[in-house]
Amino acid sequence: MLSDDGESGHPPLVFFDLETTGLSRDCEMVQLAAVSSSHSLNLYVAPQGRMDWGATRATGLTVRHHRLFLHKRPLLCTPPTEALLAFLCFIHMCQKPPQRPLLVGHNARAFDVPVLLRALERRGLRGALEDAVGGAVDSLALSRDLLRDSGVSSFKQEALVRRLLGEDYAAHDALQDARALQRLVLQGLKPRAEDLRRHTFSLGEPTGH
DNA sequence: TGCCAGGCCCTCTTTAGGGCCTT
């Protein structure tokens, strides 16, 4: 099976996902999860602002008095700077010198990476991430490419996991999404090293959102 | 009152528009 530990002819892969307060350009991350090989990181962060109703409906997360709740149960939260530093430590742990890991996320180019970079930039940590990784791969673009002419009509992560792996999972929980994405890419999409190279973008490139 | 996300992809395209995808 294709692996994500840097032993398959491509850099180590770190699958990640964010849950946020919404989709707007000023949204804040409230859950940060990363998975590589059998290792995982899962942290909740209490935002300064409010959750959009759509985000609450999708995730079950709510904010009250700057505390975060999942289905009305209080969550243990990590201060945002500590959460980002933990994420950077996780990435360093995944390094196989001289190879630097690739971040992999679904629609990451348009959404997760810009949100993450903004959070890092506010704390002077953006350069640390750019130095730590070899770039990022958007599994949405990768799947659209590899499944071209396959008859797949929905490229939502949940739909791809069901179609390619025959699995249902708890979507909109960042850790479950990151784990499902790891299975989707390694067991379902099975990209070649050149496929990953073709879809790797630099974090230094201007990103939208 | 007026704002309300934005990049990518596809096509009945390129002097554009609409749907997808992320929360």
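Note that the structure is a prediction, hence the values are computed from the model and not measured. So that the names make sense, note that chain A is the first sequence line, chain B the second, and so on, each numbered from 1. Note that these values count all heavy atoms, side chains included, but never hydrogens, waters or copies made by symmetry.
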Inset, instruction - Starting at atom CG of A:Asp173, determine the distance to atom P of B:dT22, rounded to an integer number of angstrom. - result: 15 Å
Inset, instruction - Would you confirm whether A:Asp52, through its side chain, and A:Ala55, through its main-chain N or O, come within 3.5 Å as a donor-acceptor pair? - result: no
Legend entry - A:Arg50 atom CZ, neighbour heavy-atom count above 12 within 6.0 Å: no
Legend entry - Rounded P spacing from B:dC12 to B:dA5 in Å: 29 Å
Legend entry - Any donor-acceptor pair under 3.5 Å from A:Arg123 side chain to A:Ala119 backbone: yes
Inset, instruction - In whole angstrom, give the distance that lies between atom CG of A:Asp26 and atom P of B:dA5. - result: 9 Å
Legend entry - Spacing between A:Arg50 atom CZ and B:dT23 atom C1', to the nearest angstrom: 17 Å
Inset, instruction - Would you mind reading off the distance between A:Leu142 atom CG and B:dG7 atom P, rounded to a whole angstrom? - result: 22 Å
Inset, instruction - Using whole Å, report how far CG of A:Asp145 lies from C1' of B:dC8. - result: 13 Å
Legend entry - P spacing across the pair B:dT1 / B:dG17, given as an integer number of angstrom: 29 Å
Legend entry - Protein-nucleotide distance (A:Arg118, atom CZ; B:dA5, atom P), rounded to Å: 13 Å
Legend entry - Interatomic distance at C1', B:dC8 relative to B:dT13, whole Å: 15 Å
Look for any protein N or O under 3.5 Å of an N or O in nucleotides 18-21 of chain B and output each such pair with its distance, or none.
{"from": "B:dC21", "atom 1": "OP1", "to": "A:Phe155", "atom 2": "N", "distance (Å)": "2.4"}
{"from": "B:dC21", "atom 1": "OP1", "to": "A:Lys156", "atom 2": "N", "distance (Å)": "3.4"}
{"from": "B:dC21", "atom 1": "O2", "to": "A:Asn107", "atom 2": "ND2", "distance (Å)": "3.1"}

Legend entry - Separation of atom CD in A:Glu158 from atom C1' in B:dT23, rounded to whole Å: 13 Å
Inset, instruction - Have a look at A:Asp112 and say if it touches a base, only the backbone sugar-phosphate, or nothing, with a 4.0 Å heavy-atom cut-off. - result: nothing
Legend entry - Within 6.0 angstrom of A:Arg67 CZ, more than 12 heavy atoms from elsewhere: no
Inset, instruction - To the nearest Å, give me how far apart CE (A:Met51) and P (B:dT23) are. - result: 11 Å
Legend entry - Between A:His199 and A:Asp145: side-chain donor-acceptor atoms closer than 3.5 Å: yes
Inset, instruction - Could you check whether A:Leu61 gets within reach of a base, just the sugar-phosphate, or nothing at all, counting any heavy atom under 4.0 Å? - result: nothing
Legend entry - cation_pi(A:Arg109, A:Phe201) dist<6.0 Å, angle<=45: yes
Legend entry - Close side-chain approach of A:Ser36 and A:Phe90, heavy atoms under 4.5 Å: yes
